[in-house]
Amino acid sequence: MTNQQPTKIYLKDYTPPSFDVTKVDLDIQLFDEYATVYSKLLMHRRYDGKLVLLGRSLELQSICVNGKSLSADEYTLDDESLTLHDAADELTIETVVRITPQTNTTLEGLYQSGQGDELMFVTQCEPEGFRKITYFPDRPDVLTEYTTRLEAPKRFKTLLANGNLIESGDVGDDRHFTIWHDPTKKPSYLFAAVIANLEVLSDSYTTIEGRDVLLEVYASAHDIDKCHVGMQALKDAMKWDEDNYGRAYDLDRYMIVATSQFNMGAMENKGLNIFNTSCVLSSPETTSDERSFNVKSVIAHEYFHNWTGNRITCRDWFQLCLKEGFTVFRDQSFSGDFRSKAVQRIEDVALLRSAQFAEDAGTLAHPVRPESFVEINNFYTMTIYEKGAEIVRMLANLLGKEKFRQGTDEYFRRYDGMAVTVEDFLSALSVADERVSLFMPWYRQPGTPVLSGSSRIDGDTVVVSLAQVTRHVPNYDAPIALPIPVDTAIFDSVTGEMLASQMLLLTKDQDEFVFDGIQLSDGAHPVVSVLRNFSAPVKLDFNYTDEDLARLVAFETEGFNQWQALQTLVNRWLFGNSDDAAILTDALKTAVTKLKDTDPMLAARLFDLPSEKELAMAYDTDYDPVAVKARRDKLKALIAQALSDVVSDWYASLGNEVYADTPDARGRRLLKNVLLDLSLTAGVDGADALAYEQYKNASCMSERLGALIAIIHHNLEQKQTFIDDFYSRFSDEDLVIDTWLAAQTSASHTSIDEIAGLMARDDFDWNTPNRVRAVLSTLAAKPVQLWSEAGVALCLSAVERLDGSNPLMAARLLTALARWQTLSSEPKVVIKQKLESLQTKAKSKNVLEFLGNMLNG
Ligand code: ARG
Ligand code: ZN
C-alpha cells in the first residue's frame, strides 16, 4: 500500500451529482467503546448515473432500500464507497454503521477530545469528514434537510446538533437523548454534533428583522468564565454584518462549543460552530491582547460564514476560496473597525508577506483556485485564504463602497441556497462594474507579481510608469499580465501637503499614468506614494530616494504606507552593505515621538523588522539563514542604540495602568513591550530590573508575557526563576502552557536539543495539535535552527510520527520545509535524502502529495 502514486482530482472533471437527497434522518448512539449511526436518506434522481455513497472507516452492519434488506450482490463496497447496482429514481436508503470515535486520532468525523472530566465527542466534517460518520454523497453540492437524534450516557449532559431542539428525554439505562431539526438545507460538511459535559454562557440578540436569537457559548466548567470576550464578539459580528452587508441571522439559536483538540482554528457548522479553545477562550489574566483580539476575529469569521459559505456554499472544493477568501476579507474589515485600521492592514499584510508570499515562491505554490488536488485538506492554505481575501479586497477598493455593496447584494440575491463557483461570484459583482471580470486570472495564476515603477516630472505633470512580471511557476501556463490596482498619491516635498490621489489600474505588462496640473511650493519636488494601503498583493520595487521615503514616514497620511516607507528603508539597509542607518533611525524616532500618544499601537508597529522567514524569500538560491539573522540583529542593535537616550523615558511615561480592554490601552501595552525589548537590546542600565518589575506587577497576561519573553530572549540572569514562576501560576491552563512552551522555543539561543527536551516532557501530547504547534510551528519561524541538520531531522521525525495518527497535522508541519531548495548545495543534499527516505515510509495522501511536490517542484 505504501508509496502508491496518489490519484489526482481535476476541476475540469466536475459533474453534478446524479441524485438529490431530499431529507436525512440520523441517529447517533454513543457507547463506551463505539458508536452506532443509523441513517435514513430520501433520494431522488436528477441525472443518469450510478448511486454512489461515500464512506470511510465505517463498519456496515445493515443496508435496506425501500424497507427491504439488500443482499451482498445488490451493492459493491470498498474502502471509500458503497455503490448500488440498480437504483430506482425515488428511493429510501437506510444504513446502520458502527464507528469508533474513541480511537479516532485524525480529528475528522466524530472523534474524542480531552480527557477525564473534560472528555467529549465532537465532529469536524469539513471538508470530507462526514463520510467517516455514515454513508452519504459527501460533497458540497448535495444540500439537504437534517434531523439528528443523539443518544448517550447521562454523564454527557450536553447533546447538541445543528438547528432547533425539538425533543429530549430519557431512554433508561442511565441514558438520554435529544432530537434536533435544521430547517435550512445544507451540505454535509456543515453537519455537527457534540456529546459532552459542558457549562453554557447564554445571551440573546434581536436581529434587524426582529428575530430573537438565543446565543450560547459552551465550555468546560474550568473555562466558562473565559467566554465573555467571545460572546461580545459574536454580538458585534451579528450587528456588523447587518450594518455593512445587510445580512441578518436566520435561525433561533446560535451555539459555539470550545474543544481542546482541533486541527484548525474553528468551524462554521450551521448554527453550531465548533472552536479550538485557543480561538474562543479569553481572559485578561490568561490571554494576551494579541490572542484576545484574534478570538474576536475568528468568532466573526465563523459567524460571517453563515452567509458567505453556508447559505451560499461551494459547488466543489476547488471553489474553497469562494467562501474563505471572501470571509477572510469580511473578518479583516470587521477587525479594522475595532482598532487602528492601519495596524489591522499592517498585520494582515505582514502575514501575507511572510507566509503566503513564501508559499507562492516555493514548491507548494498553487493558484487561489487550484485545478487539481490529491488531498483537499492540503489546500486550506495561506493562498486560498489570504491571497483569496486580497482579490476580494482589490475588487472592493476598485468598486468603492456603494458599488461593491450593490455587487454583493446581487450575489446574495441570486445565489442564496445554492452551491456556486468563483465565476458566479464575479458575474454577480460585475453588475456593478464590468471591470470585475478582468480579475479571473488572479484566481488561476500562481506566483506573486513583482510591480516595478518610477516617477518623473515634466513641467507641472507627474508621470508614473509601472511594469509587472510574475515568475513562471513550473507546470503552469506562462504568466499573463494581471489587473493591478495601484492606489497612488502625490505629496509636496516641502509642505508635506497631498496634491493628488488616484486609484491607478495597471492592466498591461507596462504602462504610464499622467497627473496634470501639480502645483508645487517653492523649491519642492513631488513625492509619489504608491500602493497605498497595500492595494494589491504584489512585491513592489519603486524608485524612491531614501530621502523621499523618510519624508513619507513623516507626512504620509495613510498609516500603512507610513509604516511601509520605514519598512522599505529597513529592507534597503538589510540588503545593502552600508552600516549607517541614520536616515532610518532618525525617521523612526521622529515618527514615534509624534505617534506614541495618539496611536501607540501604530507607533509600536513602526519598530517592526521583517521576520527572518520573510527575509528568506529574497533568496532563490544560496540562502544562508545565519547571515540573514546576523544582519537583522545588527540593525536591531543600531536602532536600539540610536534610541537609547529616549527609550527609558518613553517606557516610564507609559506607567503602570489598571487593565482596560480598549484599543488605546492595548496599544500602550504593546509599545511598552517593544520598548522593554529595545532597552534590553541597547543594554540600558537597569533594564533587567524593569523586566523583572513588569513581570511582577503585571496587570494582565500581555504585560506578564511581554516581560517573560524579554527575560527569556535576553537570557537574563534570573531567567529560570521566572520560567518556573510562570509555569506554577498557570499549570492548569493548557493554553497558557502552550504559550510558555512557545516563549522558550522562540528564543534564538534555545537549541534543538533543548527544544527536543521540551517535547520529551510528560505534558507534551502528540494528540493535541495546539501543544504540537506551540513547539514545532515556533521552531518553523526560527530558520537558523530549523535548517540545521538536527532541526530538519526533528521536524521530519514529527511528520513521520503524525503521518499515522493525524495526517492533516503531519502535512502542515511538513510545509515548513517547502523552500529547502533555496539553501546552498551542501545542506540541500542532506535534506533531499531525508525527504526521499520519508517518501518511502509515509502512508497518508496528505504527506505524500506534499513530498511529491517538494521533490519534483
Ligand atoms: N472552514 C473553516 C474556517 O476557515 C476551516 C475548517 C477546516 N478544517 C479542516 N479540518 N480542514 O473557518
Ligand atoms: Zn473560514
Side-chain angles (χ1 to χ4, degrees), residues 226-241 243-244 278-301 303-304 328-351 389 393 532-534 556-564 566 591-608 650-651 653-677 694 698-707 709:
K226 303 187 191 89
C227 295
H228 297 278
V229 168
M231 180 64 88
Q232 186 57 48
L234 176 59
K235 292 193 279 184
D236 289 342
M238 294 178 92
K239 171 89 167 63
W240 190 91
D241 214 13
D243 292 346
N244 291 277
S278 70
C279 292
V280 60
L281 303 181
S282 172
S283 78
E285 298 73 36
T286 56
T287 314
S288 68
D289 292 334
E290 189 193 348
R291 300 292 323 170
S292 177
F293 198 74
N294 186 58
V295 163
K296 191 176 182 92
S297 307
V298 179
I299 297 245
H301 178 98
Y303 175 73
F304 295 154
V328 169
F329 170 66
R330 279 150 55 69
D331 85 56
Q332 292 175 345
S333 315
F334 167 84
S335 300
D337 284 351
F338 288 85
R339 63 161 154 185
S340 155
K341 277 200 179 19
V343 170
Q344 180 66 36
R345 191 65 186 133
I346 289 165
E347 282 192 7
D348 295 338
V349 173
L351 176 69
R393 177 184 299 272
R532 299 178 90 209
N533 210 20
F534 204 63
E556 170 56 281
T557 48
E558 196 273 294
F560 175 84
N561 251 20
Q562 185 180 24
W563 173 86
Q564 182 58 53
L566 255 175
V592 174
T593 306
K594 263 206 281 190
L595 273 171
K596 67 182 177 29
D597 302 313
T598 53
D599 191 344
M601 195 172 280
L602 181 57
R605 297 306 307 239
L606 291 183
F607 292 96
D608 287 353
W650 285 355
Y651 181 87
S653 76
L654 290 161
N656 281 328
E657 285 182 40
V658 190
Y659 176 80
D661 187 20
T662 61
D664 212 46
R666 288 197 296 267
R668 282 196 295 276
R669 287 192 287 267
L670 181 64
L671 186 54
K672 234 175 121 171
N673 285 338
V674 168
L675 295 172
L676 177 64
D677 177 52
Q694 179 174 321
S699 72
C700 62
M701 179 52 88
S702 273
E703 291 179 348
R704 199 179 310 279
L705 182 63
I709 290 175

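Values below: every heavy atom of this structure, side chains too, minus hydrogens, waters and symmetry copies.
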Nearest 0.5 angstrom please: Glu558 CD to Phe534 CZ, how far?
12.0 Å
State whether a side-chain donor-acceptor pair under 3.5 Å links Asp348 with Gln344.
yes
Interatomic distance, CD1@Ile346 vs CE@Met601, rounded to 0.5 Å, equals 10.5 Å
Any idea which heavy atoms bring Gly706 and Leu676 closest together, and the distance?
O-CD2, 4.5 Å
Cys279 and Val298 have their tightest heavy-atom pair at CB-CG1, 3.9 Å
If you take all heavy atoms of Ser702 and Asn673, which pair is closest and at what distance?
O-ND2, 3.1 Å
Got a second to check how far Gln694's CD is from Leu675's CG, nearest 0.5 Å?
10.0 Å
Under the criterion side-chain contact (heavy atoms from CB on, under 4.5 Å), I'd like the reasoning laid out for Glu347 against Glu290: C-alpha separation, chi angles, the key distance, then a yes or no.
CA-CA 11 Å; Glu347 282 192 7; Glu290 189 193 348; 5.6 Å; no
Taking all atoms of both residues into account, what is the closest heavy-atom pair of Val280 and Val295, and its distance?
O-CG1, 3.5 Å
Give, for atom CD of Gln564 and atom CG of Asp608, the distance between the pair rounded to the nearest 0.5 Å.
11.0 Å
Flag side-chain contact, heavy atom, 4.5 Å: Trp563 against Arg345:
no
Exactly one of Arg666, Arg669, Arg704 clears salt bridge (charged side-chain N to carboxylate O under 4.0 Å, His left out) with Asp289, and that residue is Arg669
For Ser292 and Val229 the tightest heavy-atom approach is OG-CG1, 3.9 Å
What distance separates Phe338 CZ from Thr662 OG1, expressed to the nearest 0.5 Å?
14.0 Å
Pairwise distance OG(Ser282) to CG(Asp661) - rounded to 0.5 angstrom
7.5 Å
Any side-chain heavy-atom pair of Pro600 and Leu595 under 4.5 Å:
no
Tell me, do Thr287 and Leu281 make a side-chain contact under 4.5 Å, heavy atoms counted?
no
Sub-4.5 Å side-chain heavy-atom contact between Asn533 and Lys341
no
Tell me, do Met701 and Arg291 make a side-chain contact under 4.5 Å, heavy atoms counted?
no
Any Glu703 side-chain heavy atom under 4.5 Å of Asn656 side chain:
no
Show your working on side-chain contact (heavy atoms from CB on, under 4.5 Å) between Thr593 and Trp650 and close with a plain yes or no.
CA-CA 9 Å; Thr593 306; Trp650 285 355; 3.5 Å; yes
Using a 4.5 Å cut-off on heavy atoms from C-beta on, say whether the side chain of Arg532 contacts that of Thr557.
yes
Does CD in Glu657 sit with more than 12 non-hydrogen atoms of other residues, nucleotides or ligands closer than 6.0 Å?
yes
Please state whether the rings of Phe304 and Phe334 are parallel, tilted or perpendicular, taking 30° and 60° as the class boundaries.
perpendicular
Nearest heavy-atom approach of Ala603 to Phe607 is O-CD1, 3.5 Å
Find out whether Asn244 and Arg330 are in side-chain contact, i.e. whether some heavy atom of one side chain is under 4.5 Å from a heavy atom of the other.
no
Does Gly655 offer a backbone N or O that forms a donor-acceptor pair with the side chain of Lys672 under 3.5 Å?
yes
Under a 3.5 Å cutoff, is there a donor and acceptor pairing between the side chains of Ser335 and Ser297?
yes
